[in-house]
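All values derive from a computational prediction rather than experimental measurement. Each chain gets a letter, A, B and so on, in the order the sequences are listed, and its residues count up from 1. What you see below is based on every heavy atom in this structure, not just the backbone, and it leaves out hydrogens, waters and symmetry mates.
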Number of protein chains: 2
Amino acid sequence: MNATSGNAPDSLLKLENFLCFAIYSTANAVTRAYQPRLAALGLTYPQYLVMVVLWERENQTVKSIGDKLSLDSGTLTPLLKRLESAGLITRRRDTVDERQVLIGLTDEGRAMRKSAEAIPIAIGRAFGCTLGEAKDLRAELLTVRDNLIASIDDAK
Amino acid sequence: MNATSGNAPDSLLKLENFLCFAIYSTANAVTRAYQPRLAALGLTYPQYLVMVVLWERENQTVKSIGDKLSLDSGTLTPLLKRLESAGLITRRRDTVDERQVLIGLTDEGRAMRKSAEAIPIAIGRAFGCTLGEAKDLRAELLTVRDNLIASIDDAK
DNA sequence: ACGTATTAACTTGCATACAATTAAATTGTG
DNA sequence: CACAATTTAATTGTATGCAAGTTAATACGT
């Protein structure tokens, strides 16, 4: 915090100063924190996110799910095939636009929502912050995320 | 934000309310934002983090690097072997305690630091926030992360 | 000293992420 | 209408993350 430290070029190359590392290691911790609770449902964390998206609205295209989660078909296609094998979702070509694949829920997938409702509460406790703090932090992160994405797009 | 919405059980299962998803998708965006700059050095983002740790201090054990990055040897061992193949680091058994493997830098790995110094500046711009905002956000994230890790440990 | 517990790194298996490419369907344009 | 450009998924290849199990070395308790 002194005036000179900001001038040292190597002070920027320190792990403890990296916002990116705070984001990276927190994201890894999130996945590990979810794992024991999601294992009871037989889901991984990204699979859980896809289910959340589908519980909000059924019959979305792979593209639509990918836009919401910022994931491409290279990640989603195999993940969705696994959810289909698990009997939670359905995949069918859109008859109107055959480029698209519509993802729906099976009865089992729809029913899982009930068991999943306890998870956000438990995870919220694990975060150890108030709802207000969580909301602020979420908003700040989404701003940073969208700035990053814009900078990637600018470079193209 | 009204009084009744908090009572609706499904309001907790919405992606747009998830702090965890903000963390998750921002972390993915961080990796994508770093990728073009790190590609010039032939590094991935986790490899870059390992190099940063080694630029701070040479000859650390795999365990020491793992503690700093919150990664285990299952992730680090193959990553370190790739850095070794790339000619950036050295791996040798500690003669005093043969369980440990000491990771050092080659001349090439040490020299790469110079080229890497421009990266935090460019990424800092891409985040689109002030140094002060970044610092606050980092601190809040690390608190959340440590809370999450503590809750995982408690469950054991 | 001796047997047990612990520790460090490695290995295996599985599931992401993502860049790059491909294939098929649709859109846009002259 | 013809045909190039675009869009959507799927595929391929590489590199993580991490749980679980293995191996070798060291620390510990009696």
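Within 4.0 Å of B:S25, counting heavy atoms only, lies no atom of the nucleic acid at all.
Atom-to-atom, CG of A:D94 to P of D:dT8 comes out at 12 Å; the value is rounded to the nearest Å. Separating the OH atom of B:Y24 from the P atom of D:dT16 is a distance of 17 Å, rounded to the nearest angstrom. Summarising the geometry, the separation between CD1 on A:I23 and C1' on C:dA17 is reported as 17 Å, rounded to the nearest angstrom. For the pair B:R82 CZ and D:dA15 P, the interatomic distance rounds to 5 Å; values are reported in whole Å. Taking atom CD of residue A:E98 and atom C1' of nucleotide C:dT27, one finds them 16 Å apart after rounding to whole Å. Spacing between atom CD of A:Q35 and atom P of C:dC14 amounts to 15 Å, rounded to whole angstrom units. Between A:D72 atom CG and C:dT16 atom P there is a gap of 13 Å when expressed in whole angstrom units. Atoms CD1 (B:I152) and C1' (D:dC18) sit 11 Å apart, rounded to a whole Å.
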Using a 4.0 Å cut-off on protein heavy atoms (strictly under), produce a 5'-to-3' string for nucleotides 3-10 of chain C with B for base contact, S for backbone-only sugar-phosphate contact, and - for none.
----BSBB

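Here the side chain of A:T106 pairs a donor or acceptor atom with the backbone of A:G109 at under 3.5 angstrom. Looking only at distances, a side-chain donor or acceptor of A:R110 sits under 3.5 Å from a matching main-chain atom of A:L105. Listed for the A:D72 side chain is a donor-acceptor partner under 3.5 Å among the backbone atoms of A:T75. Side chain of A:R92 to main chain of A:I103: no donor-acceptor pair is present (N/O by atom type, distance under 3.5 Å, no hydrogens or angles). At least one donor-acceptor pair closer than 3.5 Å links the side chain of B:Q60 to the backbone N or O of B:V53. A distance-only check finds a donor-acceptor pair linking the side chain of A:R138 to the backbone of B:N17 [under 3.5 Å].
Contacts of residues 40-54 of chain B with DNA chain C (heavy atom under 4.0 Å): none.
Of the residues near DNA chain D, B:L79 and A:P78, the one whose nearest nucleotide (by heavy atom distance) lies more toward the 5' end is A:P78.
Dashed line: the shortest gap from a side-chain N or O of B:R32 to OP1 or OP2 of C:dC18 is under 4.0 Å.
Under the 3.5 Å distance criterion, with hydrogens and angles disregarded, a donor-acceptor pair is assigned to the side chains of B:K68 and B:S64.
With rounding to the nearest 0.5 Å, the separation of CZ in B:F127 from CG in A:L19 is 4.0 Å.
Under the 4.5 Å side-chain heavy-atom criterion for grouping Ile, Leu, Val, Met, Phe, Trp and Tyr, B:L41 is connected to B:V52 within one hydrophobic cluster.
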